[in-house]
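Below is one structure, written out as structure tokens; the observations come after it.
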2 protein chains.
Amino acid sequence: MLPDATDRKILELLQQDSQLTIKEIASRINLSVTPVHERIRKLQKEGIIDKYVCILNRRKVGKALIVYCNVTLDKQRRESFEDFNKAIIQMSEVLECSVVSGNFDYMLKVIVADAEAFNQFYQHKLSALNSVLHISSYFVISEIKYTTAIAV
Amino acid sequence: MLPDATDRKILELLQQDSQLTIKEIASRINLSVTPVHERIRKLQKEGIIDKYVCILNRRKVGKALIVYCNVTLDKQRRESFEDFNKAIIQMSEVLECSVVSGNFDYMLKVIVADAEAFNQFYQHKLSALNSVLHISSYFVISEIKYTTAIAV
DNA sequence: GTTGAAACCGGTTGTCT
DNA sequence: AGACAACCGGTTTCAAC
């Protein structure tokens with residue numbers, strides 16, 4: 001079942017603040033508690049709501065530096081992609097990794113303490129992978145926007 | 001106050017699942033409810049925990065396509081950066097936007113329904129901005145990893 | 001979908017060690 | 001700082017409309 005307008009309002013609110021009480025959500029969308037509760041339960045059961053998490057202030061946990069990496073693999077090696085994927089999933093510095101179209105293979109978002117920590121990651125973990133042929137790194141100077149909320 | 005080893009365990013758990021009860025967290029780290037409750041309260045007050053959100057399954061809400069965009073601005077215009085920042089923050093398709101070092105100015109993560117929706121966004125919203133000089137787009141073919149959890 | 005009620009359970013607080 | 005116990009409020013389920 002696709003989310004209707006009411007479901008979308010609920011999703012919008014929960015994507016901003018998942019600690020809102022059902023009572024509070026109900027009052028904001030002019031409904032009573034029962035249907036709101038029922039809708040949230042359904043959205044969870046159907047997997048539209050995937051999970052609930054907390055978002056940390058990355059500076060306050062000592063992760064001040066974000067680096068985007070464009071990675072090109074060595075296509076000669078048959079297993080390159082599989083090997084690379086498995087390795088990347090294990091690396092806690094990598095928050096996002098996608099195969100992309102264009103003149104390189106992967107786009108990575110890496111988060112580390114500082115430039116020296118990135119150097120360690122780059123030298124000993126990322127470029128140490130056999131499958132990697134080339135890496136271009138883009139250091140984030142200023143984060144303008146970061147949200148996990150999808151417009152529904 | 002910096003988070004100690006116990007705080008880090010709590011943060012790790014809450015970043016995976018913020019619906020865990022304090023009782024459950026307490027039992028997993030071999031503590032009673034009181035100190036866990038007290039530590040979470042402090043982590044929130046200090047802003048180390050920024051917020052609680054729900055994460056949606058983007059495919060199930062009809063946002064199947066992610067595109068990364070490298071944007072170069074027209075440096076001739078003095079107000080380019082400010083104008084661009086303000087405009088981007090308003091665009092719900094843009095989940096992430098950062099100023100980066102290198103041969104372009106911004107890295108964007110855009111999420112839309114499909115290629116046609118991206119075309120609409122590209123033509124009428126992003127490239128419509130006066131400050132924009134050049135855009136390179138990279139379509140995501142396969143998402144290997146996506147997490148909001150920072151290793152602490 | 002609404003209201004109201006009841007049971008349950010987790011968050012919250014205070015006290016004691 | 002952690003353990004224990006009591007209270008309060010929200011969640012959850014149910015019945016009736």
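A note on names: the letters A, B, ... follow the listed sequences, proteins ahead of strands, and every chain is numbered from 1. Remember, it's a predicted structure, so these values are computed and weren't measured experimentally.
Annotation: B:F139 is not in aromatic contact with B:Y68 [ring centroid separation under 6.0 Å not met]. No close placement of the B:Y106 and A:Y138 rings is indicated, their centers lying 6.0 Å or farther apart.
Heavy-atom contacts of chain B under 4.0 Å fall on DNA chain C between two terminal nucleotides, which in 5' to 3' order are C:dG10 to C:dG14.
Within 6.0 Å of NZ on B:K86 lie no more than 12 heavy atoms contributed by other residues, nucleotides or ligands. Counting heavy-atom neighbours within 6.0 Å of B:E46 CD, excluding the residue itself, gives a total above 12. Within 6.0 Å of CD on B:E82 lie no more than 12 heavy atoms contributed by other residues, nucleotides or ligands. Within 6.0 Å of atom NZ in B:K125, more than 12 heavy atoms from other residues, nucleotides or ligands are found, so the atom counts as buried in its surroundings.
Candidate nucleotides D:dA3, D:dT11, D:dA1 were compared by shortest atom distance to the side chain of B:K42, and D:dA1 ranks first.
In this structure, B:T21 reaches the sugar-phosphate backbone alone: every heavy-atom distance under 4.0 Å involves primed, P, OP1 or OP2 atoms, never a base.
Remark: the B:E93 side chain and the B:Y122 side chain contain no N/O donor-acceptor pair separated by less than 3.5 Å.
Across the protein-nucleic acid pair, A:E38 atom CD and D:dT11 atom C1' stand 13 Å apart, rounded to whole Å. One interatomic measurement links the two molecules: NZ of A:K45 to P of D:dT12, which rounds to 15 Å at whole-angstrom precision.
One finds no side-chain N or O of A:H37 lying less than 4.0 angstrom from the OP1 or OP2 phosphate oxygen of D:dT11.
When each of A:Q19 and A:T34 is assigned the nucleotide of DNA chain D with its nearest heavy atom, A:Q19 is the one assigned upstream, toward the 5' end.
When all heavy atoms of B:T147 and B:K145 are compared, the pair lying nearest together is CG2-CE, 4.1 Å.
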Give the dot-bracket string for DNA chain D, reading 5' to 3', where a pair is Watson-Crick or G-U wobble with both distances under 3.5 Å, ( ) marks pairs inside the strand, [ ] marks pairs crossing earlier ones, | marks a partner on another strand, and . marks unpaired.
||||||.||||||||||
